[in-house]
Every structure is written in C-alpha cells, then in structure tokens.
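I have placed the structure first, in the form of structure tokens, so that the comments after it can refer back to it.
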Amino acid sequence: MSSEFKKNHVVAIDDFTVDEIRTILDLAEEMTPIVEGKKINKDFEGKILATLFFEPSTRTRLSFEAAMKRMGGRCIGFARPGTSSAKKGESLADTIRVAAGYADMIVLRHPQEGAAQLASKFSDVPVINAGDGAGHHPTQTLLDLFTIRKEKGSISDNHIGIAGDLKYGRTVHSLTKALSMFETEMTFISPPSLRMPKEIIDMLKRKGVKFQEVKNIEETLSNLDILYMTRIQRERFPSDEDYKKVARSYHLEREMLENSKDDLKVMHPLPRVDEIKADVDETPKARYFEQAANGVPTRMALLKLLQEV
Amino acid sequence: MEGKEKKIKITPIEHGTVIDHIKKGQGMKVLRILDLVDREIDSIVSMAMNVNSSMGKKDIVKVEGKELKNEEFDKISLISPNATVNIIRDYEVIKKHRVGLPDFAKGIVRCKNSNCITNQSEPVETEFEVTGEDPVKLRCTYCDREMTGEEISENVI
Ligand SMILES: [Zn+2]
C-alpha cells in the first residue's frame, strides 16, 4: 500500500510526487469510515503524537489530534508559545530533540519560515509541517486536493477558480503548485495589486498549464467547476476606504451562484470573515465545512504512511 | 602588458595562492569569504585594488605560504564568478583554476529573509542551492527565498 511513499518527514507539498499524493488520498478515503465512527481503528495504540504549536491554529491542531485519537493514539504538546520553553530562549532545535525523545511523531506549527525544515534535521522521529510563517502548509493542500477529488471524482479535468489575495496567500501558492501536477485549468481572480507572484506564473508557463488571470468573480464564475475562495486582508491596503472598495468585489453571495454550473463546488480554507455570505452556506455548492472535516482523514493517512516508512 | 603590470604592483611569491581577476571592489569580500581577515594564520595576506588589466579594473588577493583548497575557492565564485586561482610553488604557477560555482553554498551567506529560521539563534549553518550562474542566484533551502547580486555580497558572513 505504501510502496509509493518514502518520506521520513513532511515539510512542503513540492516534496511529493503525483504518485505519493495519490497514495495519501487513496488511504485518506479508506479512513473515512473510521472518522464517521463506523469502524474502530487501533493502529496507533500506545503511540504518542507531539503537537508543538508556536503560534495558535485551533483548527489545524484539533484536526491532527482528532486524527491521532481516531487511530487509538494519544497527544501531548502546547497550543501557543506562552506555555513552552521556547519563551525562555531555548532554540527550536533543542525543543525538537527533547520532543523527539517523548513522542513517536511531531507536528510543528511555527511563525518562522524554514522552521519545519530545520526541525526535520534535528528529529529522529517524523516531523510534519503544520505551517511555518509565510512558508509551507502541506497538509492544508493535501486536504484541499482530497476535497476536490471527493467532490468531483478526480482532480484532473476540472476548471478551478482561485479568488482573493493571491500575492501573499501561501495556501493558494501551495494549492496552485499542487494542481499544476494534474491536468487542470486555473483562473486566478484577484485585484491587480494582489496577483499571483511572477515565480508561480512562470512555473505554470514552463509546465504548459492552462490558466488566466481576471479581476472579478462574476466574469468567470459560469465556467468554473471549483471556486476556491480566500480572504483579502485589511492590512494589504493603505486605507479602510481602499480596502472596502476592493474587497467588495471578492465577496460571494447566493444570488451570484445563479450563473454558475449546477455542480460547482465552493471551497475556502477557513476561517472566513465576510468573503462568503452566510446565505451561501445552505446551498449544496458550499463545501467548506466538509473541506475542514476532510482534514481528519487526510491527516490520518499521512500519520499512518509516515509510521510505516 | 598585463603581466608586466602585475610584476610591478604585485610582487611575486615563492609559495602560496594568488587570486586574480576578482571583480573590482570585491577584494575585501573575497578575503572575508575565505576567512582570511580574522583567522589566526601565519601567512602574509595582501590585496591590490583597482589594478588595470586588459579586461578593465580588477582586484588581486595574495596569500603567502598557503595553498587554497577547491572548496575554498568555490566560495569566491558567489561574488566574483570570473576570478582565477593560481597555486604557486617556487615562484611558478603550478595550477591555474577558473573558480566554479558549487551546487550548494553552506555557511557562507546569510539569508536576506529576516523571518527565516536560520536568522534566529539556531545551531545550523545557512544553506543555499545555487539556482543561477549568470547572475549568480541562490535559493535558501530553509525558507525558499531567492537572492542575487548585491543581496548576496551584502550578506556574506
Ligand atoms: Zn532563508
């Protein structure tokens, strides 16, 4: 089963091959009955997962802990740096070496870029990156891919619109890189000041991926199979006025969905603020809560594959 | 002409290393990159700046009594890709080397990203993959940020 998976650590989505991604998503699918409580699993009985969160991310942490506990394992760790020895000036390298002595695997969330890469060098147990500053967040991308496949039957052959802050949003960068490994078409929807960075655009051109860049959701919505929404942050704009003017055109409301395909699925990494109006939630097109729930089977699959390496 | 000038400005050495064709103004950085400034060494180290040559102005660095190793002069390439390294024995050049870019640059350059984990007090050397040759481009293997040109020479450790 895990013949395609040879990783000791999970640092970045770019480290995976298409086959490895498929292996993870296949296994995540098998995990679904366990998550739904229809099957009991004890694969991790007696095992300990350390969740070291140097910055808070409740959803990611809970989802890793749920994944571990669904397989009979236990968790130790901290949810913010105030409760850790890092606050007392200990290096990350030392914290990791100590935690590796207590636990069978480590999940790390850290505000500095490259933290997970560093941790992987000092740990003799598997390290999973749960977000490092503006850097990587590979398990978010895996659960996004899992969601697309689950909703659409495949990742390839979809036209995927990605909307919001495409310049600074690491989630959309990782997702775009991952999608470029499959046969998809992409449309990037953002204000001109928040377009996809040049490196990513160049990478897509090099790979011959079909894509276009547009300025508003409505002009492209009717073509899309998936609409991936993200938040545009107030800090990116000089004034409240500027922000409000721009942000409004990147809001999705129910009425707009009338011009979309019947089987359009709307995704969002959450938390959302007002970029998706609550009236969208009740439509069958809204899949963001399912998407969040998909974090559990995806992370279960990853834990299991790492344990077997 | 070039050879004659060299004889005037740079006295020949009996034994050691002459690094020639260093990009003008980069001589000090070459000294630093090779750790010849602070390190306790017996050698006499000298430098000539702004030397005329057929290819314009250049700097020259001379290290007496010490033969530099390949991995040492690979570092030079990061800031002066056209430099040459001459190993001298008994006043003769026994080996002449164009510097070559290494695949990875470890512990030579600091990452320009202040939020990179290598800029905190962690017990690791910086590590960059050399992703471009002309101009030299480095990608931090920790935070993925790319550096080039002045960013590199300004961040030499
Ligand atoms: Zn870096």
Side-chain angles (χ1 to χ4, degrees), chain A residues 9 11-15 52 54-55 81 84-100 106 108-123 127 129-138 141 168 170 173-174 176-177 197-203 206, chain B residues 29 32-33 35 38 71-72 74-75 77-79 81 101-157:
Chain A
H9 306 283
V11 174
I13 195 72
D14 326 37
D15 298 341
L52 312 181
F54 289 87
E55 68 179 9
S84 79
S85 52
K87 200 109 194 246
K88 297 174 196 126
E90 187 182 50
S91 69
L92 175 62
D94 282 3
T95 308
I96 292 295
R97 280 185 281 211
V98 170
I106 294 172
L108 176 70
R109 170 88 164 204
H110 198 279
Q112 256 119 26
E113 287 105 74
Q117 172 72 6
L118 180 132
S120 73
K121 295 197 175 181
F122 287 93
S123 175
V127 171
N129 187 1
D132 56 346
H136 303 283
H137 190 8
T141 308
Y168 298 100
R170 69 172 171 195
H173 299 163
S174 298
T176 304
K177 284 184 203 162
K198 189 177 171 293
E199 306 95 79
I200 295 192
I201 295 295
D202 288 347
M203 179 273 294
R206 232 175 15 248
Chain B
K29 278 172 188 149
R32 261 199 287 141
I33 227 172
D35 195 19
D38 301 318
E71 61 266 30
E72 291 185 282
D74 277 350
K75 295 180 181 181
S77 62
L78 296 179
I79 50 174
L101 278 167
D103 293 334
F104 285 91
K106 289 184 190 173
I108 310 168
V109 183
R110 217 175 289 112
C111 184
K112 70 167 180 182
N113 172 11
S114 59
N115 201 42
C116 177
I117 194 75
T118 61
N119 284 320
Q120 321 307 317
S121 20
E122 295 293 338
V124 285
E125 277 191 330
T126 59
E127 188 184 302
F128 296 85
E129 189 190 344
V130 179
T131 53
E133 301 204 351
D134 191 21
V136 178
K137 257 195 210 156
L138 302 178
R139 185 187 65 85
C140 175
T141 63
Y142 286 87
C143 74
D144 283 339
R145 219 53 68 85
E146 279 215 332
M147 294 170 54
T148 189
E150 278 297 293
E151 292 170 343
I152 296 174
S153 48
E154 277 167 12
N155 284 295
V156 169
I157 292 172

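Each chain gets a letter, A, B and so on, in the order the sequences are listed, and its residues count up from 1. These numbers come from a predicted model, not from an experiment.
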Give a yes or no answer on whether the side chain of A/Gln117 reaches the backbone of B/Cys143 with a donor-acceptor pair at less than 3.5 Å.
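Not a single qualifying donor-acceptor pair exists.
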Margin query: To the nearest 0.5 Å, what is the distance between SG on B/Cys111 and CD on A/Glu113?
Written below: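 Interatomic distance, B/Cys111 SG to A/Glu113 CD, rounded to 0.5 Å: 8.5 Å.
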| At what distance, to the nearest 0.5 angstrom, does CG of B/Asn119 lie from CD of A/Gln112? |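 Between B/Asn119 CG and A/Gln112 CD, I get 9.0 Å after rounding to 0.5 Å.
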Among A/Val11, A/Asp132, A/Leu118, who wins on heavy-atom pairs under 4.5 Å with chain B?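 When all of A/Val11, A/Asp132, A/Leu118 are compared, A/Leu118 has the most.
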- So which part of B/Glu146 gets closer than 4.5 Å to some heavy atom of chain A, the side chain, the backbone, both or neither?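 No part of it gets close to chain A.
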Q | Contacting region of B/Asn115 [heavy-atom separation from chain A under 4.5 Å] | A |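 For B/Asn115, backbone and side chain are both near chain A.
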Smallest separation among heavy atoms of B/Pro123 and A/Arg97, with atom names: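 Distance-wise, the nearest heavy atoms are CG-NH2, 4.2 Å.
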How close do A/Leu92 and B/Glu122 get, counting heavy atoms only, and between which atoms?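 Distance-wise, the nearest heavy atoms are N-OE2, 2.7 Å.
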> Is the number of heavy atoms from other residues, nucleotides or ligands under 6.0 Å of B/Glu133 CD greater than 12?
Replying inline: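 Result for CD/B/Glu133: open.
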Note to self: If you count every heavy atom of other residues, nucleotides or ligands that lies below 6.0 Å from A/Asp202 atom CG, does the total exceed 12?
What the structure shows: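 Yes - once you tally the heavy atoms of other residues, nucleotides and ligands closer than 6.0 Å, there are more than 12.
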| Is it true that A/Lys121 and B/Glu127 have a side-chain N and a carboxylate O under 4.0 angstrom from each other? |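 A salt bridge is present here (some side-chain N lies under 4.0 Å from a carboxylate O).
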